[in-house]
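This report refers to the structure that appears directly beneath it.
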Number of protein chains: 2
Amino acid sequence: MSPAKPSPDKREAIFCATIKLLAKYGFHGFSIKQLAEEAGVATGTIYLYFKDREDLIRELNTQIINDFVKASLEGHDPQLPLKQQYQHICFNIWQFCIENSCITHCKAQFDHLPPDVLRSQHSHAWDGLQPLKHLFEQGRKTQKIKNLPDDILISFSIEPYLYLARQHLLDIIKVDSEQLTHIIDASWDAIAGPASKNTNGQFPQE
Amino acid sequence: MSPAKPSPDKREAIFCATIKLLAKYGFHGFSIKQLAEEAGVATGTIYLYFKDREDLIRELNTQIINDFVKASLEGHDPQLPLKQQYQHICFNIWQFCIENSCITHCKAQFDHLPPDVLRSQHSHAWDGLQPLKHLFEQGRKTQKIKNLPDDILISFSIEPYLYLARQHLLDIIKVDSEQLTHIIDASWDAIAGPASKNTNGQFPQE
DNA sequence: ATATTATGAATGAACGTTCATTCATAATAA
DNA sequence: TTATTATGAATGAACGTTCATTCATAATAT
């Protein structure tokens, strides 16, 4: 089966098994022993590739963010109209979440790492999402997108998809491709247009 | 402090300490011993009030959902215009999240309990949110709200607030009350109006 | 006195991590 | 080619720690 080479993709096997187990059991109920079994290696082997448990999880987190960001921007074309650019990214996100169910379930787990890790993760993710930043910036300038900070726009642009994908994968709800279109439209409605002017009675914002 | 009383609210103290620790350390790094110390009781005492660790967490989860639902609907008035009803609920959610930071951080942890628990949690939550269900239903009928399933509307109505509140509490972003108004408006824009008809083909937006 | 409630030392299972050992392959020598 | 040696990836039993849970005992209430 497995010879004794250096090892190009054994690390990958460990990653893969970690994702699988983390998605299934969460951080509790996830043990190194179980991981070794799932990955088809000895427990000690894991420590040849990762300093310790924490290191493994941090590295995995980084890779997942990278993959997610990369998938989100696949085929991105800054020449297209803003709305189309946005729709494309949203579709990418949905697609990625559905096709990588383990990652989708994992990802949410990472939202509860220590605060300092979260902060660096946050800024790292934004680094990769530069094109989305530009899209938002351009949208704000041309009044096609509400004049709100990136993070707030994100809360309508990415979070709902993550949530819905999780529920979809758990069979709690079902989203077909026609609904997805409507969802993407709804999410565009949330961020589109200059910040609405009259909430209740109040003053225009500008 | 009190040596050996019957115990009306010792259970509450244990709940409270659990929330605190869970918010701080997550499921890992949360131990019964630590919990006992934080709650000011002996380890054995915990087992007088809860069958075991799992039972404690499940019960806590249920109570948090109940509190959350109750807070969301506080002061709800079905007589008001739909948009105002909606804004009021959104504001309640934000308020609750900010005022109960430990619960907000905890809540997300529970998103990764076993699937069957998640499903029952989901339907239990909806039971309590009947008024919101009605609001959505009425909105769909009168074309004031998009013709989309409740769960999808929720993804723009609750999830973004949970996400933003978490980030706000972690000091990753800051949301002031003026921004909150805009966020609530944006979230209304997401669900408002009949499901948009032209995705790409483009009519004027208003 | 009796029942109820609280305690925390004791327990054993499970955990992450280590390290002496193995062995297929690579490198070198004949 | 064939024999010999060196390598380091892989192993998994063993280790020390930590954990959830129990229970004999103590404290309090009735």
Side-chain angles (χ1 to χ4, degrees), chain A residues 1-63 106 109-110 112-114 117, chain B residues 1-63 106 109-110 112-114 117:
Chain A
M1 281 289 113
S2 49
K5 277 277 196 70
S7 50
D9 47 12
K10 193 153 282 190
R11 191 186 150 99
E12 197 56 37
I14 294 171
F15 262 154
C16 193
T18 306
I19 292 173
K20 227 184 250 177
L21 290 176
L22 228 49
K24 202 166 183 179
Y25 303 110
F27 277 127
H28 35 154
F30 160 78
S31 72
I32 297 289
K33 208 170 188 174
Q34 218 180 352
L35 171 59
E37 195 178 348
E38 177 77 31
V41 300
T43 56
T45 308
I46 291 164
Y47 292 85
L48 296 177
Y49 295 93
F50 302 96
K51 202 183 129 282
D52 54 22
R53 196 184 127 108
E54 213 187 313
D55 179 52
L56 162 64
I57 285 170
R58 246 202 334 270
E59 296 257 334
L60 178 65
N61 183 17
T62 303
Q63 200 199 278
C106 262
Q109 309 257 7
F110 294 131
H112 309 283
L113 297 174
V117 178
Chain B
M1 282 306 105
S2 49
K5 282 273 195 67
S7 53
D9 46 14
K10 194 155 282 192
R11 190 186 151 100
E12 197 57 36
I14 294 171
F15 262 155
C16 193
T18 306
I19 292 172
K20 226 184 254 176
L21 291 177
L22 226 47
K24 202 166 182 179
Y25 303 110
F27 277 126
H28 36 157
F30 158 79
S31 73
I32 298 289
K33 202 171 189 176
Q34 217 179 353
L35 171 59
E37 194 179 348
E38 178 77 31
V41 300
T43 56
T45 308
I46 291 163
Y47 291 86
L48 297 175
Y49 294 91
F50 302 96
K51 200 182 130 286
D52 55 22
R53 196 184 127 108
E54 212 188 314
D55 179 52
L56 162 65
I57 285 170
R58 246 204 332 271
E59 297 257 334
L60 178 66
N61 184 16
T62 304
Q63 199 198 278
C106 262
Q109 308 257 6
F110 295 131
H112 308 284
L113 297 173
V117 177

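Side chains included, hydrogens not; waters and symmetry mates left out as well; all remaining heavy atoms used. Just so it is clear: chains get the letters A, B, ... in the order the sequence lines come, proteins before strands, and each one is counted from 1. Small disclaimer: the values here were computed from a predicted structure and weren't measured.
Comparing D:dT21, D:dA10, C:dT7 by their closest approach to the side chain of B:Asp52 singles out D:dT21. With C:dT17, C:dT7, D:dA10 as the candidates, the nucleotide lying closest to the side chain of A:Leu48 is D:dA10. Listed nucleotides D:dC19, D:dT11, D:dT21 differ in distance to B:Ser31; the shortest reach to its side chain belongs to D:dC19.
Per the geometry, CD belonging to A:Glu37 stands 14 Å off P belonging to C:dA14, to the nearest Å. If you take CD of B:Gln34 and P of D:dA20, they are 9 Å apart, rounded to a whole angstrom. In this structure, B:Tyr25 places its OH atom 12 Å from P of D:dC19, rounding to the nearest Å. Counting to the nearest Å, the C1' atom of D:dT21 and the CG atom of B:Leu56 are 14 Å from each other. When the P atom of C:dA14 is taken as reference, atom CZ of A:Arg53 falls 16 Å away, rounded to whole Å. Distance OH (A:Tyr49) to C1' (C:dT18): 18 Å, rounded to an integer number of Å. Here the P atom of nucleotide D:dT17 and the NE2 atom of B:His28 are 23 Å apart, to the nearest Å. Look at CZ on A:Phe27: it is 12 Å from P on C:dG16, rounded to the nearest Å.
With a 4.5 Å cut-off on side-chain heavy atoms, B:Asp55 and B:Arg58 count as touching.
Nucleic acid contact class of A:Phe30 (heavy atoms, under 4.0 Å, all strands): sugar-phosphate only.
Between the side chain of B:Thr43 and the base of C:dA9 there is at least one donor-acceptor pair of N/O atoms closer than 3.5 Å.
Checking the phosphate oxygens (OP1, OP2) of C:dC15, no side-chain nitrogen or oxygen of A:Lys33 falls inside 4.0 Å. A close approach under 4.0 Å does not occur between any side-chain nitrogen or oxygen of B:Tyr47 and OP1 or OP2 of D:dC23.
Here the rule is side-chain contact (heavy atoms from CB on, under 4.5 Å) with A:Tyr49, and of A:Arg11, A:Glu12, A:Glu59 only A:Arg11 fits it.
Nearest heavy-atom pair across B:Ala42 and B:Ala36 is C-CB, 3.9 Å.
The base-pairing partner of D:dG16, taking Watson-Crick or G-U wobble contacts with both distances under 3.5 Å, is C:dC15. The partner of C:dG8 is D:dC23, judged by Watson-Crick or G-U wobble contacts that both fall below 3.5 Å.
Here the straight-line distance linking atom OG1 of A:Thr18 with atom CD of A:Gln34 works out to 11.0 Å at 0.5 Å rounding.
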Check step by step if side chain to side chain contact (heavy atoms under 4.5 Å, CB included) holds for A:Leu60 and A:Phe110.
CA-CA 10 Å; A:Leu60 178 65; A:Phe110 294 131; 4.0 Å; yes
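Each of B:Ile46 and A:Ile32 was assigned the nucleotide of DNA chain C with the nearest heavy atom; the assignment lying further toward the 5' end belongs to B:Ile46.
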